[in-house]
Amino acid sequence: MSASTPPMHEMSLCEGLVQSLEEQAMTQGFHKIFAVWLEIGALATVEPDAMLFNYDIVARGTVAEGSKLEIIAVPGKAWCMNCSTPVTISRHGDACPACGSYQLQLLDGEQMRIKQIEVA
Amino acid sequence: MCSICGCGEHETLEHDHHDDHHHHDHGALHAHAADLPVTRMVQIEQNIMAKNQRYADANRQFFAERKLFVINLVSSPGSGKTSLLVKTVEALKAEMPVAVIEGDQQTGLDAERIKATGVAAWQINTGKGCHLDAHAVGHAMDHLPEIKNGVLFIENVGNLVCPAGFDLGEAHKVVVLSTTEGEDKPLKYPDMFHAADLMILNKSDLLPYVDFSVAKAETYAKQVHPGITSLTLSARSGEGLEAWYDWLRAGVARVSA
């Protein structure tokens, strides 16, 4: 393993992404992908920069070769049991920004989801 | 290439002009430059983990049919996962069927340590991979004797980052943190401690010699996962192991019921 390619699960996630794109190309009958919009939540176990770094390499030789990956950042949302209100958090382990409680129930922000693709 | 408008330079596969869904708008022939492809937007809502999730769901079904309580053990390298497993399988093998899947980048050393206890083990080498995935775990089951009404341990690659996001079909992720590491690990690697249902604080026999606060580690773990359970033990001295075995026995009883 060279220092320039550390092991990272974003490579696997990119492979999952490109496999999904190839399945979509088969079922929806398109031949080339020009752009992909991917929603990534702030609480997802993925680093957007590492996705961008890996995407071009993984897409090579596939229907997605040369396409642009656009990442849509989705904020983390949780329900504060103490305030009885939804709050925004940026990572697991953040306290409620209003009351400081850690009794939070996640509502949104763990997704890694393809939203739309530009194809021909 | 499209023979009507000649725009299809980017298209190399078959191209059915009689298809109702054909995307070229021939009502506006040559409205676009010949060298620019006509594109369209396709709205899809698909999780990029969908493939791993399909395998994980299949594993979970397989485990449920055999009433297996399945644990995905995660930690940083050197926390004592394998030593804990060796002790655990030795203690439980007489009372229930036990099997182990070992994950490491290289070597079969950990599986050999388990096999030395007489318990079935299969080693997955992930090569350059930093985590186990559900597909590899499904295939590992082909190499283990079929067991029922027992426990299957999956020891993940020593890594507190990548395995957090990969469901293997387990009942619980169990994170092992040792007292020679920092008690702030739950805050530094929140995704893993959020994903785990049980935190084991291992190497409790070293507590008199290190500046590790069990109370702080538990507080930090509950910050990232309010519902997490915590057990303090030493695989080396045996202190606290009975509570861990009881936790496992309760899980096996639940899935066997």
Side-chain angles (χ1 to χ4, degrees), chain A residues 1-2 5-21 23-40 43-47 51 63 66 81 89-95 101-106 110-120, chain B residues 7-16 19 21-24 36-53 105-106 126-131 133 135 157 159 161-166 186-195 219-227:
Chain A
M1 172 95 15
S2 75
T5 54
M8 53 171 118
H9 65 288
E10 279 80 2
M11 184 66 99
S12 304
L13 297 178
C14 273
E15 284 164 1
L17 167 59
V18 170
Q19 278 169 4
S20 294
L21 295 173
E23 283 167 20
Q24 291 287 333
M26 294 272 281
T27 55
Q28 305 219 31
F30 52 78
H31 317 308
K32 173 128 188 81
I33 295 175
F34 293 89
V36 176
W37 281 262
L38 180 68
E39 220 176 50
I40 294 187
L43 309 176
T45 54
V46 56
E47 184 51 47
M51 284 298 281
V63 69
M81 315 263 205
I89 55 172
S90 56
R91 64 183 71 80
H92 292 303
D94 272 3
S101 165
Y102 292 101
Q103 293 299 313
L104 302 177
Q105 200 137 44
L106 293 186
E110 292 193 294
Q111 61 271 70
M112 299 180 255
R113 194 161 52 209
I114 309 167
K115 289 300 282 184
Q116 64 172 9
I117 45 183
E118 184 182 5
V119 305
Chain B
C7 68
E9 288 177 10
H10 291 270
E11 299 173 27
T12 53
L13 300 178
E14 70 283 357
H15 189 132
D16 183 2
D19 186 337
H21 300 297
H22 182 45
H23 63 263
H24 288 74
L36 286 178
V38 176
T39 66
R40 64 189 161 112
M41 287 293 186
V42 178
Q43 309 292 323
I44 45 179
E45 291 276 345
Q46 191 173 28
N47 188 326
I48 62 171
M49 296 292 284
K51 192 174 178 193
N52 186 72
Q53 198 56 54
Q105 281 199 311
Q106 297 293 344
T126 58
K128 295 190 193 308
C130 46
H131 58 274
D133 62 39
H135 181 245
V157 178
N159 175 344
V161 182
C162 309
F166 290 81
L187 298 182
K188 288 179 173 170
Y189 300 94
D191 291 349
M192 186 62 88
F193 287 82
H194 180 77
T219 301
Y220 294 149
K222 282 188 193 302
Q223 281 182 22
V224 301
H225 185 182

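Computed over heavy atoms, backbone and side chain alike; hydrogens, waters and symmetry mates excluded. Sequence lines set the chain letters: A, B, ... in the order given, protein chains first and strands last, and positions in each chain run from 1.
- At a 4.5 Å heavy-atom cutoff, B:Phe193 makes no contact with chain A through either its backbone or its side chain.
- For the atom pair OH of B:Tyr220 and OH of A:Tyr102, the computed distance is 9.0 Å after rounding to the nearest 0.5 Å.
- Proximity to chain A (any heavy atom under 4.5 Å) is shown, for B:Leu187, by neither the backbone nor the side chain.
- For A:Gln28, the parts sitting under 4.5 Å from any heavy atom of chain B are the backbone and the side chain alike.
- Looking at A:Met51, only its side chain comes within 4.5 Å of chain B, counting heavy atoms on both sides.
- Salt-bridge check for B:Arg40 with A:Glu118: failed, with every basic side-chain N at 4.0 Å or more from each acidic carboxylate O.
- Interatomic distance, OG of A:Ser20 versus CD of A:Glu15, reported as 12.0 Å (0.5 Å rounding).
- Taking A:Ser90 as the reference, A:Asp94 meet the side-chain hydrogen bond (donor to acceptor under 3.5 Å, both in side chains) condition, with sequence neighbours excluded.
- Neither the backbone nor the side chain of A:Glu10 comes within less than 4.5 Å of any heavy atom in chain B.
- Only the side chain of A:Leu106 comes within contact range of chain B, with heavy atoms under 4.5 Å apart.
- For the set B:Val42, B:Asp191, B:Asn52, the entry with the most heavy-atom pairs within less than 4.5 Å of chain A is B:Val42.
- Remark: side-chain polar atoms of A:Gln116 are not paired, donor with acceptor, to backbone N or O of A:Val36 under 3.5 angstrom.
- In this structure a side-chain-to-backbone donor-acceptor pair under 3.5 Å is present from B:Asn159 to B:Cys130.
- Contact count against chain A (heavy-atom pairs under 4.5 Å) is highest for B:Asn47 among B:Asp133, B:Val161, B:Asn47.
- Of the listed residues (A:Gln24, A:Gln103, A:Gln111), the one with the most heavy-atom contacts under 4.5 Å to chain B is A:Gln24.
- For chain A, the option among B:Pro190, B:Ala195, B:Ala221, B:Pro186 with the highest count of heavy-atom pairs below 4.5 Å is B:Pro190.
- Using a 30° and 60° split on the angle between ring planes, A:His92 and B:His194 fall in the parallel class, below 30°.
- Two residues are said to be in side-chain contact when any heavy atoms from C-beta on lie closer than 4.5 Å; A:Lys32 and B:Thr39 fail this criterion.
- With a threshold of 4.5 angstrom between heavy atoms, A:Ser12 approaches chain B through side-chain atoms but not through N, CA, C or O.
- For A:Ala44, the part lying near chain B is the backbone, with the side chain staying farther off; criterion is any non-hydrogen pair under 4.5 Å.
- Using a 4.5 Å cut-off on side-chain heavy atoms (C-beta onward), A:Leu43 and A:Ile89 make contact.
- Only the side chain of A:Glu110 has a heavy atom closer than 4.5 Å to any heavy atom of chain B.
- Ranked by non-hydrogen atom pairs under 4.5 Å with chain A, the options B:His225, B:Lys222, B:Gln223 are led by B:Gln223.
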